[in-house]
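Throughout, numbering of the chain's residues begins at 1 and tracks the sequence.
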Amino acid sequence: MIGVEYKTLFVRELLAAEPQLEKTTSWVRKMQNLLCRKSEDNLRLLLKAGRDTLLSRLVPALERDAAAIRASLVTSWTTSPVEGQISRLKMIKPTMFGRAQFSMKINTMPPPQDETDP
């Protein structure tokens with residue numbers, strides 16, 4: 001098993017040998033800080049800095065979606081409840097029209113009641 005110190009030394013040496021990799025990892029950490037912690041970093045300046053990294057091909061797509069990224073930083077709204085309802089409806093719909101496979105019907109049927117239960 002490789003020790004933690006060896007891994008740390010390897011990463012340090014790798015980043016020293018490849019300056020572009022160091023710059024790219026730094027940019028990714030800043031983007032992560034911006035998105036996960038909803039920090040106050042300037043998105044426009046961060047995207048501009050991303051053009052000089054190894055991920056420069058990703059930046060134009062992020063710039064096209066900049067309005068959505070900004071909206072995600074200022075709102076706490078999430079689509080998780082909606083996605084759950086969509087999944088539920090996708091499971092129910094085939095059974096409504098009689099196209100459900102037998103395995104799907106088994107999964108949605110309630111378990112049989114024991115005759116001895118009152």
Side-chain angles (χ1 to χ4, degrees):
M1 181 169 248
I2 299 175
V4 174
E5 291 129 15
Y6 178 77
K7 288 180 182 178
T8 305
L9 180 63
F10 174 75
V11 169
R12 193 177 310 136
E13 290 292 323
L14 182 64
L15 294 177
E18 184 57 53
Q20 270 301 100
L21 188 59
E22 170 71 35
K23 191 175 192 177
T24 302
T25 55
S26 174
W27 182 78
V28 168
R29 285 189 189 110
K30 289 177 185 175
M31 284 295 291
Q32 180 183 18
N33 185 43
L34 176 88
L35 299 173
C36 294
R37 295 183 180 92
K38 297 190 177 198
S39 76
E40 297 299 320
D41 290 344
N42 190 337
L43 178 63
R44 187 178 52 80
L45 292 176
L46 195 55
L47 291 177
K48 185 177 179 182
R51 289 186 175 280
D52 298 329
T53 67
L54 296 173
L55 296 174
S56 61
R57 292 176 59 191
L58 174 67
V59 174
L62 292 174
E63 287 174 336
R64 282 192 302 272
D65 293 336
I69 295 170
R70 279 190 203 90
S72 74
L73 296 175
V74 297
T75 61
S76 61
W77 189 76
T78 178
T79 61
S80 297
V82 175
E83 294 296 329
Q85 291 297 324
I86 290 171
S87 296
R88 185 175 147 274
L89 290 172
K90 283 182 178 180
M91 185 184 77
I92 293 172
K93 188 177 176 182
T95 61
M96 292 176 4
F97 297 107
R99 295 188 308 249
Q101 297 171 354
F102 184 71
S103 62
M104 184 184 284
K105 289 179 183 177
I106 292 293
N107 291 335
T108 59
M109 291 173 51
Q113 294 295 321
D114 207 8
E115 302 262 339
T116 59
D117 287 341

With sequence neighbours left out, what residues match K48 under side-chain contact (heavy atoms from CB on, under 4.5 Å)?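 Checked K48 against side-chain contact (heavy atoms from CB on, under 4.5 Å); zero matches.
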Residues two or more places apart in sequence or in another chain: which of them pass side-chain contact (heavy atoms from CB on, under 4.5 Å) with R88?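 For R88 the side-chain contact (heavy atoms from CB on, under 4.5 Å) partners, ignoring immediate neighbours, are Q85, I92.
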Results of side chain to side chain donor-acceptor pair (under 3.5 Å) for E83 - residues two or more places apart only: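 Expected list: none.
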Among all residues two or more places apart in sequence or in another chain, which pass the side chain to side chain donor-acceptor pair (under 3.5 Å) test with R70?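 So R70 forms no side chain to side chain donor-acceptor pair (under 3.5 Å) with any residue.
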Can you tell me how far apart [atom1] ([X]) and [atom2] ([Y]) are? Round to the nearest 0.5 Å.
{"X": "I69", "Y": "L47", "atom1": "CD1", "atom2": "CG", "result": "6.0 Å"}
{"X": "L73", "Y": "L34", "atom1": "CG", "atom2": "CG", "result": "5.0 Å"}
{"X": "M31", "Y": "L58", "atom1": "CE", "atom2": "CG", "result": "7.5 Å"}

What side-chain donor-acceptor pairs closer than 3.5 Å can you find for residues 10-24, not counting sequence neighbours?
from	atom 1	to	atom 2	distance (Å)
Q20	NE2	D52	O	3.1
T24	OG1	Q20	O	2.8
T24	OG1	L54	N	2.9

For I86, which fellow cluster members are found when Ile, Leu, Val, Met, Phe, Trp and Tyr are connected by side-chain heavy-atom distances below 4.5 angstrom, either directly or through intermediates?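 ILVMFWY cluster around I86 also holds V82.
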Who else is in the cluster with L9 when I, L, V, M, F, W and Y are joined by side-chain contacts under 4.5 Å?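 Grouped by the 4.5 Å side-chain rule, L9 forms a cluster of one, so the answer is none.
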Show every side chain to side chain donor-acceptor pair (under 3.5 Å) that has at least one partner inside residues 58-69, sequence neighbours left out.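 Found R51-E63.
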If every non-hydrogen atom of W27 is compared with every non-hydrogen atom of T53, which pair is closest and at what distance?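 Where W27 meets T53 most closely, the heavy atoms are CB-CG2, 3.9 Å.
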